[in-house]
Number of protein chains: 2
Amino acid sequence: MARAATTSDAFNAVAEPRRREILNFIALQERPVGEIVDSLGMEQPSVSKHLRVLLEVGLVNVRRDGRRMLYRTNAEAIRPLHEWTETFARYWRHQLSRVKERAEGKSNPSNDSERDFIPRRKDDYGGSKN
Amino acid sequence: MARAATTSDAFNAVAEPRRREILNFIALQERPVGEIVDSLGMEQPSVSKHLRVLLEVGLVNVRRDGRRMLYRTNAEAIRPLHEWTETFARYWRHQLSRVKERAEGKSNPSNDSERDFIPRRKDDYGGSKN
DNA sequence: AAATCATATTCCTATATGGGTATATGTCAA
DNA sequence: TTGACATATACCCATATAGGAATATGATTT
C-alpha cells in the first residue's frame, strides 16, 4: 500500500506546507484564487489543485462571485488536529521541572544510554537493485 | 516533484494514522518495540519503520535496555503542530455567535451561492490516457 | 561458539502525489 | 456571438511511500 491520500483527512491535507500557507492566508477573509496566486507566488494550477484538496477534506469553503471563486478557511476542520496535539500539551507543560534538574546538573547525559542521533543506513532506502 | 518525505517534518510524520497511534501509546511511558507490536496489532517491521520515521523528525526518543529498545514520545516535537493549529482556535471559539444567528434563522443557506459539496471530476485523476 | 530473543533493514511493488504545461470550462463584456 | 478574464482539469513524470516477506544485526544466555 502506498501513502494515504492527501484527501483522506485533515492531517494528510495540512502536511503540505503550501496548503498551510494558503490556509493561513485565507483564514481572516475569503479571497479569490488569483489573489492567492499573486500573494503566495505559486502557479495558478497549483493553487487550484491545493484548494481542491482542502475543499475535499472540508478545510475550506467556496463561494462564487461572478467569474471568481472566493475561498476561505473553515477553521472548524482544524479542530481535530488541535485536539490531538492538545493531548500532548500536558507533557511539555510539565517539562519545566526537567529543565530545572538540568540546570542543576543533576545527571550526566553521556553517562547513560540515552540516545537521540539517528544511525546512518547503509543504503539510502531508495529500493532498486538489479 | 512528488510528495514531501514523511521525514521532512512533524506535520508529514504524523499524517500517518498508525504513527499517531504509536505516539499516543508511548506518550506516558517508554515501551519496547514488541509491546507496541502486540498492543497495536501491527507487524514488527512496520512498527520499526514507523519508529524510524518518528525518530528522524525527533518525535520519539530511544534508549537501549539489553536487547530491547525502549521508545518514548517526545511531546516537545509536537509543539509546532499545536501552535500552528492554535492560531486558528480563535476562529472556532468565535463561532458561537454564528451558531446563534443560525438558530434564529437569520439567513437561508440555500438562497446564496455558499457551497460545500465537491463537484465530481470526469476522470478520477489517475493519470493515464493511452 | 551456538542457539535464541528483540529489532532493524533490505527488496519489491502498487499507489498517490506535486509541479509544469496545455487546455477545458464558466462567466461577463462588447 | 466573439473575446477576454478567472479557474479548474488533463497529462506526463520523478519520487516517496507503506505493507509484506525474508533476512541481517545486536545482545544475552547456555
Side-chain angles (χ1 to χ4, degrees), chain A residues 1-9 12-13 15-22 31-38 40-56 60 62-71 113 115 118-130, chain B residues 1-9 12-13 15-22 31-38 40-56 60 62-71 113 115 118-130:
Chain A
M1 192 191 283
R3 219 196 301 197
T6 56
T7 52
S8 54
D9 59 33
N12 278 281
E16 169 64 61
R18 260 53 203 298
R19 284 196 284 266
R20 290 201 299 280
E21 283 183 54
I22 292 176
R31 311 267 191 185
V33 178
E35 207 169 308
I36 302 176
V37 170
D38 294 339
L40 304 186
M42 309 168 56
E43 295 293 323
Q44 178 268 312
S46 182
V47 170
S48 280
K49 279 185 267 185
H50 283 313
L51 286 170
R52 169 104 200 171
V53 171
L54 294 173
L55 185 62
E56 286 199 36
V60 299
V62 215
R63 183 170 75 85
R64 180 179 281 284
D65 171 42
R67 33 184 121 173
R68 297 180 309 164
M69 295 293 263
L70 302 178
Y71 285 86
S113 50
R115 185 184 58 169
I118 295 128
R120 271 275 149 263
R121 279 171 283 183
K122 291 172 185 174
D123 183 58
D124 200 20
Y125 201 22
S128 83
K129 176 206 54 175
N130 185 5
Chain B
M1 193 191 283
R3 220 200 294 200
T6 57
T7 52
S8 53
D9 58 35
N12 279 280
E16 169 63 64
R18 262 50 204 300
R19 285 197 281 269
R20 290 202 298 279
E21 283 184 54
I22 292 175
R31 310 270 191 186
V33 178
E35 207 169 307
I36 301 175
V37 169
D38 294 341
L40 304 186
M42 309 168 57
E43 296 292 324
Q44 178 268 311
S46 182
V47 170
S48 280
K49 280 185 268 187
H50 282 315
L51 287 170
R52 169 104 200 169
V53 171
L54 294 173
L55 186 62
E56 287 199 37
V60 298
V62 216
R63 182 170 75 86
R64 181 178 280 287
D65 171 42
R67 35 183 119 173
R68 297 182 309 166
M69 295 295 263
L70 301 177
Y71 284 85
S113 50
R115 188 182 55 168
I118 296 129
R120 273 275 149 263
R121 280 171 283 184
K122 292 174 183 171
D123 183 57
D124 199 20
Y125 201 20
S128 82
K129 175 207 55 179
N130 183 11

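Numbered from 1 within each chain, the chains take letters A, B, ... in sequence-line order. From a predicted model like this one, the values you see are computed outputs, not experimental measurements.
A/Arg19 places a side-chain heavy atom less than 4.5 Å from the side chain of A/Thr6. Here the side chains of A/Arg3 and B/Asn12 are in contact, with some heavy-atom distance below 4.5 Å.
Judged by distance alone with a 3.5 Å cut-off, a donor-acceptor contact links the side chain of B/Gln44 to the base of C/dA8.
Each of D/dT7, C/dA8, C/dG18 was ranked by its minimum atom distance to the side chain of A/Arg68; first place goes to D/dT7. Of all nucleotides listed (C/dG18, C/dT7, C/dT17), C/dT7 comes nearest to the side chain of B/Met69.
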Write out a two-atom table: protein N or O, nucleotide N or O from nucleotides 27-30 of chain C, distance below 3.5 Å.
unit_1 : atom_1 : unit_2  : atom_2 : d
C/dC28 : O4'    : A/Arg67 : NE     : 3.4
C/dC28 : O4'    : A/Arg67 : NH2    : 3.3
C/dC28 : O2     : A/Arg67 : NH2    : 3.4

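Taking atom CZ of residue A/Arg52 and atom P of nucleotide C/dG19, one finds them 17 Å apart after rounding to whole Å. Across the protein-nucleic acid pair, A/Glu43 atom CD and D/dA8 atom C1' stand 15 Å apart, rounded to whole Å. Residue A/Ile22 contributes atom CD1, which lies 11 Å from atom P of D/dA8 at whole-angstrom precision. In this entry the distance linking CG of A/Leu54 with C1' of D/dT7 reads 16 Å, nearest Å.
If you take CD on A/Glu43 and OG on A/Ser48, they are separated by 11.5 Å, rounding to the nearest 0.5 Å. Note: B/Tyr71 OH to B/Arg52 CZ = 8.5 Å, rounded to the nearest 0.5 Å. Once rounded to the nearest 0.5 Å, the distance linking CD of A/Glu21 with CE of A/Met42 reads 6.5 Å. To the nearest 0.5 Å, atoms CD1 (B/Ile36) and CZ (B/Arg18) are separated by 13.0 Å. Rounded to the nearest 0.5 Å, atoms CD1 (A/Ile22) and OG (A/Ser46) are 7.0 Å apart. Atom-to-atom distance recorded for B/Leu54:CG and B/Lys49:NZ is 14.0 Å, nearest 0.5 angstrom.
DNA chain C forms stems at C:1-30 with D:1-30, each a run of 3 or more consecutive Watson-Crick or G-U wobble pairs whose two key distances fall under 3.5 Å.
Residue-level contact check: B/Pro45 touches the bases, meaning some heavy atom is under 4.0 Å from a base atom. Contact annotation for A/Ser46: backbone-only contact, meaning every heavy-atom pair under 4.0 Å involves sugar-phosphate atoms and none involves a base.
Of the side-chain N and O atoms in B/Tyr71, one or more sit less than 4.0 angstrom from OP1 or OP2 of C/dA8.
With sequence neighbours left out, B/Val37 forms a side-chain contact (heavy atoms from CB on, under 4.5 Å) with B/Val33, B/Gln44, B/Val47.
Across the interface with DNA chain C, nearest-nucleotide mapping of A/Glu16 and B/Val47 shows B/Val47 to be the residue nearer the 5′ end. Mapping A/Arg3 and B/Met1 onto DNA chain D via the closest heavy atom, the residue that lands nearer the 5' end is B/Met1.
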